[in-house]
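Report on the following structure.
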Amino acid sequence: MLRDIRTNYQKSGLDENTLNKDPFAQFNCWLKEAIDGKGLDPTAMILSTIDQNGNPESRVVLLKEFTSDGLVFFTNYNSKKGRQIAVNHNVSVVFFWAETERQVRIKGIAQKISESDSEAYYLSRPLESQLGAWASPQSQIINSREVLDQNYSQYLQYFQSKEMKKPPYWGGFLIRPQYFEFWQGRENRLHDRIEFQLQDQGWTIKRLSP
Ligand SMILES: Cc1cc2nc3c(=O)[nH]c(=O)nc-3n(C[C@H](O)[C@H](O)[C@H](O)COP(=O)(O)O)c2cc1C
């Protein structure tokens with residue numbers, strides 16, 4: 001029964017004394033530990049955007065870079081998420097790392113990265129992924145699976161005699177965080193939650209009740 005499934009979290013704690021006062025460093029540390037934890041897809045994050053009616057929409061994307069500016073993921077700019085961000089750049093992402101019993105929630109502002117940075121990343125991807133980006137009109141309705149397979153074959157053939165290049169509609173978004181919440185599962189549902197909020201003077205740090 002679903003109602004009988006429950007985990008008692010007791011691996012670790014999060015306290016103000018050991019917490020890094022820089023949320024980027026704290027995130028980096030947890031990300032590294034999640035990667036070392038060998039869970040499936042530790043860089044997977046649930047990205048929420050807002051549609052034109054103000055309704056949220058969520059999906060998984062992969063974190064491909066984390067720098068002092070923020071989080072970078074790649075996608076089709078003509079996809080639903082790409083179009084939604086073009087109208088409303090406020091986004092949120094959530095990471096859930098079961099192995100380390102942690103969740104991180106981030107809110108921020110998304111902006112396109114430079115064409116040259118997108119190009120450099122695109123050209124570093126395996127050929128199959130590069131062709132996939134050409135073959136898929138992401139988020140559009142297609143008549144059948146065959147449409148994709150045919151597109152893929154056509155591009156495979158096309159690029160046998162042409163130098164590979166990035167589709168103009170494909171690239172990265174940088175999310176500049178303005179808010180982080182670090183959640184560490186604890187015993188008896190008394191989890192640790194610490195939030196960082198970006199203010200004019202820097203980051204404020206507050207503990208939240210679980
Ligand atoms: C594990 C996982 C990783 C994914 N990574 C990406 C990604 O990095 N970029 C992307 O555009 N879609 C990725 N997807 C697909 C998206 O979840 C989504 O189906 C797609 O981007 C279309 O979303 P949209 O119609 O809301 O734009 C991933 C899906 C999964 C399950």
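Remember, predicted model here, so these are calculated numbers, not experimental data. Just so you know, ligand 1 is whichever comes first in the structure, and atom 1 is the first atom listed for that ligand. Residue numbers start at 1 and run along the sequence shown. Reckoned from all heavy atoms, side chains included, excluding hydrogens, waters and symmetry mates.
Among Trp97, Phe96, Tyr9, the one residue that satisfies the ring pair (Phe, Tyr, Trp, His ring centres under 6.0 Å) test with Trp183 is Tyr9. Looking at Phe24, Tyr179, Phe182 one by one, the single match for ring pair (Phe, Tyr, Trp, His ring centres under 6.0 Å) with Phe196 turns out to be Phe182.
Among residues two or more places apart in sequence or in another chain, the salt bridge (charged side-chain N to carboxylate O under 4.0 Å, His left out) test is passed with Glu33 by Arg102.
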Practice problem: Give the C-alpha distance, both sets of side-chain angles, the deciding distance and a yes or no for salt bridge (Lys or Arg N to Asp or Glu O under 4.0 Å) between Asp51 and Arg83. | Solution: CA-CA 9 Å; Asp51 74 12; Arg83 290 175 185 275; over 6 Å; no
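Looking only at side-chain heavy atoms (C-beta outward), Val93 and Phe73 stay at 4.5 Å or farther from each other. Leu174 places none of its side-chain heavy atoms less than 4.5 Å from the side chain of Leu71.
Listed by chain and residue number, the protein contacts of ligand 1 are Asp41, Arg59, Val60, Val61, Leu62, Phe74, Thr75, Ser79, Lys80, Lys81, Gln138, Ser139 (heavy atom within 4.0 angstrom).
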